[in-house]
Amino acid sequence: MKNIIKPINESHQEQKDSFANNLAKQGLTRAEVIATERKLAKFANMMDSVVRVPFTQQGIGADAALSTVPIAGDIAGLILTAYAFVLGRQLGVPAHKMTPAVKLALVDMVVGVVPGIGTLLDIFIRPSRKTLTIVHQHLHDEYGIDETIHLERPFLHESLEQKQQQSAIWRNPILAWLYLHIPDILGLIVLLLLGWLCWTLFSGLAGWLAEVFSRTTGF
């Protein structure tokens with residue numbers, strides 16, 4: 001058994017060394033990579049999903065808003081989206097890996113020229129979000145970065161990081177988890193309140209109908 005565990009541990013260490021070497025070649029630290037990817041997530045959120053469509057993963061952002069301005073707005077959207085590509089390149093993502101996102105950005109610009117329909121389709125054509133997906137896959141493969149909380153909660157993650165620098169209490173894993181999941185907790189509370197309200201209304205309505213039925217039929 002020891003002979004089996006040793007090669008596995010050696011392989012794991014070799015992989016960690018490889019990730020460290022890849023970071024060193026790019027002149028980056030793990031913290032810098034996460035901070036830059038978080039910046040990209042915030043940008044993608046602003047461009048493609050600052051307002052989330054309820055019960056879907058789709059959203060509406062600045063890109064869709066800009067597409068309401070014929071031609072000029074679509075060109076401006078393309079120029080802004082280029083910032084996502086710049087951040088990706090800063091993290092060492094090769095240009096050829098970014099090609100699908102670049103093509104999607106060009107499609108987004110062309111489609112956006114069509115009045116009305118273009119703006120609607122902008123909700124589903126999300127080049128900045130595509131860039132984020134490509135970048136994260138590269139960071140996973142090359143640097144071994146698996147964390148996603150800084151992508152799912154970029155603004156809260158940045159705020160928590162600042163709080164942790166000011167006070168050690170926020171480094172407590174439980175408090176940190178609770179802070180990052182404030183939207184989920186609030187959402188759960190709202191759902192519970194709605195459920196209670198619906199149940200109360202349903203119970204009241206059922207009681208009223210039963211009373212009406214009793215008076216009408218005599219049962």
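Listed here is the closest heavy atom pair of Tyr179 and Ser159: OH-OG, 2.7 Å. Taking all atoms of both residues into account, the shortest heavy-atom contact from Leu28 to Gln90 is CD1-O, 3.9 Å. Of all heavy-atom pairs spanning Gly92 and His138, the tightest one is O-NE2, 3.2 Å. When all heavy atoms of Pro154 and Lys42 are compared, the closest pair comes out as CB-CG, 3.4 Å.
To the nearest 0.5 Å, atoms CE (Met98) and CD1 (Ile134) are separated by 6.5 Å. Distance CG/Leu132 to CG/Asn45: 10.0 Å, rounded to 0.5 Å. To the nearest 0.5 Å, atoms CG (Asp74) and CG (Leu106) are separated by 12.0 Å. Here His157 contributes atom NE2 and Leu180 contributes atom CG; the two are 6.5 Å apart, rounded to the nearest 0.5 Å. One finds the NE2 atom of His136 at 9.5 Å from the CG atom of Asp141 (value rounded to the nearest 0.5 Å). The OG atom of Ser128 sits 8.5 Å away from the CG atom of Leu80 when rounded to the nearest 0.5 Å.
With a 6.0 Å radius and a threshold of 12 heavy atoms from other residues, nucleotides or ligands, Ile71 has its CD1 atom at or below the threshold.
Side-chain contact between Arg30 and Tyr143: absent, with no pair of heavy atoms (C-beta onward) separated by less than 4.5 Å. Using a 4.5 Å cut-off on side-chain heavy atoms (C-beta onward), Thr29 and Leu23 make no contact. The shortest distance between side-chain heavy atoms of Glu147 and Ile145 falls below 4.5 Å. Contact of the Asn21 side chain with the Gln26 side chain is not registered, since no non-hydrogen atoms from C-beta on lie closer than 4.5 Å. Side-chain contact check for Trp170 versus Glu161: every heavy-atom pair is 4.5 Å or farther apart. Taking the side chain as every heavy atom from C-beta outward, Arg89 and Val93 never approach each other to under 4.5 Å.
If you chain together hydrophobic residues whose side chains sit under 4.5 Å apart, Val102 and Met47 fall into the same group. By the criterion of side-chain heavy atoms lying less than 4.5 angstrom apart, applied directly or through intervening Ile, Leu, Val, Met, Phe, Trp or Tyr residues, Leu194 is not grouped with Leu201; the two fall into different hydrophobic clusters. By the criterion of side-chain heavy atoms lying less than 4.5 angstrom apart, applied directly or through intervening Ile, Leu, Val, Met, Phe, Trp or Tyr residues, Leu66 is not grouped with Val69; the two fall into different hydrophobic clusters. Following chains of ILVMFWY side-chain contacts shorter than 4.5 Å, one can reach Leu186 starting from Leu175, so the two form part of one hydrophobic cluster. A continuous path of ILVMFWY side-chain contacts below 4.5 Å connects Ile185 to Ile174, so both sit in one hydrophobic cluster.
Asp48 places a side-chain N or O within 3.5 Å of a backbone atom of Arg129 that can act as its donor or acceptor partner. With hydrogens and angles disregarded, a donor-acceptor distance shorter than 3.5 Å links the side chain of Thr99 to the backbone of His96. When atom types are taken as modelled, the side chain of Ser18 and the backbone of Glu14 share no donor-acceptor pair closer than 3.5 angstrom. Looking at His150, its side chain never comes within 3.5 Å of a backbone N or O of Glu37 through a donor-acceptor pair. Distance alone, capped at 3.5 Å, is enough to place a donor-acceptor pair between the Thr81 side chain and the Gly77 backbone. A side-chain donor-acceptor contact under 3.5 Å links Arg171 to the backbone of Gln164. Of the possible polar contacts, one joining the Asn22 side chain to the Glu142 backbone as a donor-acceptor pair under 3.5 Å is found.
Ring geometry, Trp199 versus Phe202: the interplanar angle falls from 30° to 60°, so the pair is classed tilted. Ring geometry, Tyr83 versus Phe43: the interplanar angle exceeds 60°, so the pair is classed perpendicular (tilted spans 30 to 60°).
Salt bridge annotation for Glu158-Lys39: absent, with no cationic side-chain nitrogen under 4.0 angstrom from a carboxylate oxygen.
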- Evaluate the criterion side chain to side chain contact (heavy atoms under 4.5 Å, CB included) for residue pair Arg38 and Leu151; output intermediate values, then yes/no. CA-CA 6 Å; Arg38 184 179 62 207; Leu151 307 181; 5.9 Å; no
- Message: If you apply the rule side chain to side chain contact (heavy atoms under 4.5 Å, CB included), what do you find for Leu87 with Val135, and how did you get there?
- Response: CA-CA 9 Å; Leu87 290 177; Val135 168; over 6 Å; no
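With side-chain heavy atoms closer than 4.5 Å counting as contact, directly or through intermediates, Phe19 stands alone and belongs to no larger hydrophobic cluster.
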